[in-house]
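Okay, structure first, notes after.
In this text the structure is predicted, and so the values were computed from the model without any measurement. Naming: A, B, ... by sequence-line order, numbering from 1 per chain.
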2 protein chains.
Amino acid sequence: MAVDQLSRAFVALADPTRRDIVARLSVRDATVGELAESYAISMQAVSKHLKVLEEAGLVSRSRDGQRRPCHLEPQVFELMTSWIERYRRQAEERFSRLDALLADLADETAPTGENDHDHDHSDRDRDRDRPQQSEGVPS
Amino acid sequence: MAVDQLSRAFVALADPTRRDIVARLSVRDATVGELAESYAISMQAVSKHLKVLEEAGLVSRSRDGQRRPCHLEPQVFELMTSWIERYRRQAEERFSRLDALLADLADETAPTGENDHDHDHSDRDRDRDRPQQSEGVPS
DNA sequence: GTTGTTCTCAACCAATCGGTTGAGGATCGG
DNA sequence: CCGATCCTCAACCGATTGGTTGAGAACAAC
């Protein structure tokens, strides 16, 4: 319960059935029963899956009589892509500029006076979930 | 082990420690020991996390003496965003054109002859992991 | 009302997960 | 060679996960 939204979202999409439900809901809203027909599992199991998706903020449910139509919510998807893209971009940057590595090597063998390989640790911003020494170990 | 890459990737990023490792590796490559210093868990635990990230294809490891420097691999990140973005886009489309819903309602009350609410099921492309009746239920 | 449909809750189960400790492989540096 | 360092493997543990079945809440329809 003390788990952040990003974790919940990734957990939710880690299951193939749940991803498939997302795929279906992207086409049209659907009720629990409608969804359950497509899978070889019980409706209760589908209901559980939907609960996971809902608590992750990926899906919302309204009321229509005794039906509970499910609807896809785009916002958290955006949150996920922005997280992923941030680090993908950085990784690709570092990849394309491996000349920097060369420069670092040169620096190591012939220090030109300005050793700039101790500053890069700055924009880490790991304070989102921070499984650190001090507070990590949730157990 | 019969689990697809997308599942492995989402599972890998579902853990806060693993996401933090990704954040760190996006700045610079690091060895297991270096990473382990930052967390309140044993090096063995960090090693396990790295194994998960590696098997998801998010991280690769090279050799340098007895060190195992870890490196971020952008490709699978791209795979993830393209999956997410696909459905986010579709959800947002449906959101912005809820006039279609209105049309569907009108169709229901006054069928104009062409009932076009049975065709949209076409671009589902659920054949990626397909937890279906026939083959679902992996257990 | 009663009956039927849709869905959720609760208890249970096997399997997996994130962590631990202990042992040991591989490599560097004397 | 020997010891130290870096890392992985193996066994174990408690908590969580994805599924089940059974009971029942909530509403529709008769």
(Q) If we count only N and O atoms by modelled type, under 3.5 Å, do the side chains of A:Ser7 and B:Arg19 hold a donor and an acceptor together? (A)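 The criterion, which ignores hydrogens and geometry beyond distance, is satisfied for B:Arg19 and A:Ser7.
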
TODO: Take the angle between the ring planes of A:Phe10 and B:Phe10 and call it parallel below 30°, perpendicular above 60°, tilted in between.
DONE: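 Plane angle between 30° and 60°, so tilted.
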
Integer-rounded Å distance: [N] [atom2] and [X] [atom1]:
X	N	atom1	atom2	value
B:Met43	D:dC9	CE	P	13 Å
A:Arg67	C:dT8	CZ	C1'	16 Å
B:Glu34	D:dC6	CD	C1'	11 Å
A:Leu53	D:dT17	CG	C1'	14 Å
B:Arg68	D:dC7	CZ	P	9 Å
B:Ile21	C:dG19	CD1	C1'	14 Å
B:Glu55	C:dC17	CD	C1'	14 Å

Please tabulate the protein-to-nucleotide N/O contacts below 3.5 Å involving nucleotides 1-3 of chain C, giving atom names and distances.
none

From C-beta outward on [X], which listed nucleotide comes closest to its side chain: [options]?
X	options	answer
A:Arg61	C:dT8, D:dC7, C:dG18	C:dT8
A:Ser42	C:dT8, D:dG19, D:dT21	D:dT21
A:Lys51	D:dG18, C:dG19, C:dC9	C:dC9
B:Lys48	D:dT8, D:dA11, D:dT20	D:dA11

- Message: With nearest nucleotide decided by heavy atoms, which residue, B:His49 or A:Val32, maps closer to the 5′ end of DNA chain C?
- Response: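 First, find each residue's nearest nucleotide; the 5'-ward one identifies A:Val32.
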
With sugar-phosphate taken as primed atoms, P, OP1 and OP2 and all else as base, the protein-contact string of nucleotides 23-30 of chain C at under 4.0 Å (heavy atoms; B, S, -) is ---SBS--

Please determine which of B:Glu73, B:Glu54, B:His71 meets the side chain to side chain donor-acceptor pair (under 3.5 Å) test together with B:Ser60.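 So the option named by the test is B:Glu73.
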
